[in-house]
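In what follows, a single structure is set out as structure tokens and then discussed.
Numbers restart at 1 for each chain; the letters A, B, ... are given by sequence-line order, proteins then strands.
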Amino acid sequence: MDLFGETRAMVVEALDALEREGHLPEGLDLSAVTVEPPRDPAHGDMATNAAMVLARPARMKPRDIAALVAGRLGADPRIASAEVAGPGFLNLRLDPAVWLAVIPKILGQGRDFGRSDIGAGRRVNVEFVSANPTGPMHVGHMRGAVFGDALAGLLAFAGYEVTREYYINDGGGQVDTLARSVYLRYLEALGEEVAFPEGTYPGDYLVPVGQALAERHGRALVGKPESEWLAEFRDFATDAMMATIREDLALLGVEMDHYFSEKSLYGTGAIEKALAALEEKGLLYTGVLEPPKGRVPEDWEPREQTLFRSTAFGDDVDRPVRKSDGTWTYFAPDIAYHWDKISRGYDELIDVLGADHGGYVKRLKAVVEALSDGKVPLDVKLCQLVKLMKGGQEYKMSKRAGTFVTLGDVVAEVGRDVARFVMLTRKNDAPLDFDFDKVLEQSKDNPVFYVQYAHARANSVLARAREAGFDTDDGQLATADTGHLADPREIDLVRKVAEWPRQVQLAAQAHEPHRIAFYLNELAGEFHSLQHAGKLDPALRFVREDAPAVTRSRLALVRATQVVIASGLAILGVTPAEEMR
RNA sequence: GGCCCCGUAGCUCAGAGGAUAGAGCAACCGCCUCCUAAGCGGUAGGUCGAAGGUUCGACUCCUUCCGGGGCCGCCA
């Protein structure tokens, strides 16, 4: 448990005691009691809202309750002071030794410091990327890939058992289109004149695929009907595309635990079984939908289809699962896929999708709620668009025209670590500007650099200390007397590193890995600030050969900071910089 | 027309119902004989889009409206 959790436990203990002794009515609901850092540090280390939350149910004045709790907590040696403030806040100051104890703890636990058990081993499936296997990945996919991977890493660190999963959309019409596009490349490889009609994929990346098929078949398939080549070309091309996608993911350092093929749902009874489960719950029916509101498609006419009663779960209209010609809609395999995930025993599901899938969220949630009887929560995280900028200009992309910036291009240009970190400097539901010039800039304006610099600078300090004859081994530093850390700026940094476990919890609970990136930026700021204080006042320098005991305690703090930065970067999938060049 | 996301300092954005709303950039003023100035400190900058509501308390939750973006199909 982290310090905030421990302190909350102390508050709850005090409240329980007050109940037992009759100062407070019994049976109060304490779930709303929080212990948090106050916004204004002048108010103390931590503040609890206990008195205000309990005032009404206890029918007492908030400040009176606060005073009672203060009286109890004040007696605890871990609490330096407990003051009633404002409308009924209870401001707490911890004994400095309590804060300082976090340093040897970090040095002892290393990167495991901050690991949480809030996940309690619950199994969570994070599905992300799931780019159509019709071409290489572009920057839009990259955001989803990084976000999903970082979220998975975060949840694993918070005690969940995480599966990273990719859903291969290899069952629908778009892979037929892919096959036809590849057929054109096949003809082209044999010297035929070809044109790419509307609706085919003209990208160059299919050229080698066509060539490979030309080598395999020669002219045998020229002029032959689709029935003779479509299935083979489709499989060959999707395999080729998936191979490039896996390479792209590897470039980013993303490793999937499981690839799930949409195609595997067809002809195996999987879709039928999932729909039967819905049928059993009375959630399927045959009916006719209202025409869409607003702009009605030209060719719209009422037709009878099989519909899922998603309106029973808050969706706006019921959704078709089977077309009027009897074939499945895209939604049908999606139902089966989520049914499969539920059947595999996951306690929670997360889908990471592009913002253009916003209209799909309600029906997905509806179907998971229906199939799991409300037992498996599904969180859908939508990643907004990435706007690429270079030289003050925006890169325009068009998949249709085959003009897009691939993930590979971006990683080649800025590197994996920069690409990943930058993708996490915005929350997922806010649009992101990716400016090639800015992300490579070595300045405070660039959070990637700023955080990496702090890590590298810590390295530099430790190296210098070794030159001066200090032992910087973690085990040695853990024995340092942290009581020498007394300057307010040093204590600020101690407090910041001590916040790490709490940040992990908050980020994991919110499914928001960007919070880690922001925290690291703040932590780096505290560190740079303290480092600079040593420039103005030599007495504050980390390494002071005239004061070995002080130096050892400071080195312990420096190393603890470095460990937390490395730990945070590891969650985000970013390699800490050992030195800046 | 309906649904989703967004609206916070000049700009880019943080802000799990808490106290006097924060950071970076830009502006202005300072700080290198000194562990990386690739940095640090300070000043200035705000009716948190608007109006209601919920409550001890609202940037945060609810309703309506305004503005920006996205989505809408028997597509995937």
Phosphate OP1/OP2 of B:G18: any A:T34 side-chain N/O under 4.0 Å: no
For B:C32, glycosidic torsion class - syn if within 90° of 0, otherwise anti: syn
Could you run down the sub-3.5 Å N/O contacts of the protein with nucleotides 62-68 of chain B?
none

Donor-acceptor pair between A:N459 and A:Q562 side chains, under 3.5 angstrom: yes
Euclidean distance, atom CG of residue A:L530 to atom P of B:A37 [Å, nearest integer]: 14 Å
Nearest-nucleotide 5' precedence on RNA chain B, A:Y453 against A:A355: A:Y453
B:U36 phosphate, OP1 or OP2, under 4.0 Å from A:S460 side-chain N/O: yes
Pairwise 5' ranking along RNA chain B for A:Y360 and A:K427, keeping only the more 5' one: A:K427
Complementary nucleotide of B:A9, counting Watson-Crick and G-U pairs under 3.5 Å: none
Base partner of B:C61, which must satisfy Watson-Crick or wobble distances under 3.5 Å: B:G53
Euclidean distance for C1', B:G15 against B:C71 (whole angstrom): 28 Å
A:H514 side chain, from C-beta outward: closest of B:U36, B:A14, B:A76: B:A14
Side-chain donor-acceptor contact under 3.5 Å, A:H511 with A:D379: yes
Which nucleotide in B:A16, B:G39, B:U36 has an atom nearest any side-chain atom of A:R515: B:A16
A:Y450 side chain, from C-beta outward: closest of B:G39, B:A14, B:C35: B:G39
Touch class at under 4.0 angstrom, heavy-atom based, for A:G534 against every strand present: base
Rounded distance in Å - NZ (A:K387) to P (B:U12): 9 Å
Touch class at under 4.0 angstrom, heavy-atom based, for A:A55 against every strand present: nothing
Side chain of A:K323 (C-beta onward), nearest among B:C13, B:A37, B:C75: B:C75
Sugar-phosphate, base or nothing in reach of A:S324, heavy atoms under 4.0 Å: base
Pairwise C1' distance, B:U60 and B:A27 [rounded to whole Å]: 31 Å
Side-chain heavy atoms of A:F89 within contact of A:P62, under 4.5 Å: no
Min side-chain heavy-atom separation A:Y166-A:F128 under 4.5 Å: no
Rounded P spacing from B:G17 to B:C59 in Å: 13 Å
Whole angstrom value for the distance that separates P of B:C6 from CD of A:Q384: 8 Å
Base B:G39 to side chain A:H532, donor-acceptor N/O within 3.5 Å cut-off: yes
OP1 or OP2 of B:G73 under 4.0 Å from side-chain N/O of A:R319: yes
A:V461 side-chain proximity, nearest of B:C3, B:C35, B:G39: B:C35
Gap in Å between the two P atoms, one belonging to B:C35 and one to B:A23, rounded: 28 Å
Base-pairing mate for B:G41 - Watson-Crick or G-U, with both contacts under 3.5 Å: B:C29
C1'-based separation of B:G67 from B:G30 [nearest Å]: 42 Å
Touch class at under 4.0 angstrom, heavy-atom based, for A:L385 against every strand present: nothing
Proximity to the side chain of A:Q174 - top-ranked nucleotide from B:G18, B:U36, B:A76: B:A76
Pair A:R544, A:T551: side-chain N/O donor-acceptor within cut-off below 3.5 Å: no
Polar side chain donor-acceptor pair, A:S261 to A:D170, under 3.5 angstrom: yes
Spacing of A:N49 atom CG relative to B:A58 atom P, expressed in whole Å: 15 Å
A:Y330 versus A:E262, side-chain donor and acceptor atoms under 3.5 Å: no
Let me check something: any side-chain donor-acceptor pairs from residues 525-535 of chain A under 3.5 Å, sequence neighbours excluded? List them with distances.
residue	atom	partner	partner atom	Å
A:H528	ND1	A:R457	NH1	2.9
A:H528	NE2	A:Y450	O	3.2

Touch class at under 4.0 angstrom, heavy-atom based, for A:D356 against every strand present: sugar-phosphate
Polar side-chain atom of A:H141 near backbone of A:H138 as donor-acceptor pair, under 3.5 Å: yes
OG1-CG distance between A:T311 and A:L307, expressed to the nearest 0.5 angstrom: 9.5 Å
Any donor-acceptor N or O pair under 3.5 Å, side chains A:S31, A:D29: yes
Who pairs with B:C35 - Watson-Crick or G-U, where each distance is under 3.5 Å: none
Watson-Crick/G-U partner (both atom distances under 3.5 Å) of B:G1: B:C72
4.5 Å side-chain heavy-atom contact, A:L278 and A:R309: no
B:G24 versus B:C4 - spacing of their P atoms, nearest Å: 36 Å
Atom-pair distance (CD1 on A:I168; C1' on B:A76), nearest Å: 16 Å
Under 4.0 Å protein heavy-atom contact, by nucleotide of nucleotides 19-25 of chain B - B base, S sugar-phosphate only: B-S--SS
Closest listed nucleotide, where the reference is the side chain of A:K362 and the choices are B:A14, B:C3, B:C5: B:C3
Value in whole Å for how far the P atom of B:A16 lies from CZ of A:F4: 15 Å
Distance test, side-chain N/O of A:R426 to OP1/OP2 of B:C13, below 4.0 Å: yes
Sugar-phosphate only, base, or nothing, as touched by A:E522 at under 4.0 Å among non-hydrogen atoms: nothing
Proximity to the side chain of A:F449 - top-ranked nucleotide from B:G39, B:G18, B:A14: B:G39
Under 3.5 Å side-chain donor-acceptor pair for A:T327 and A:D325: yes
B:G7 versus B:C75 - spacing of their P atoms, nearest Å: 33 Å
Nearest to side-chain heavy atoms of A:Q509, which nucleotide of B:G18, B:A76, B:A16: B:A16
Pair A:Y360, A:D334: side-chain N/O donor-acceptor within cut-off below 3.5 Å: yes
Spacing of the C1' atoms in B:G46 and B:U8 (rounded, Å): 8 Å
Interatomic distance, A:D546 CG vs B:C35 P [rounded to whole Å]: 15 Å
Out of B:G18, B:C40, B:C35, whichever nucleotide has its closest atom nearest the side chain of A:V53: B:G18
d(NE2, A:H455; P, B:U36) in whole Å: 16 Å
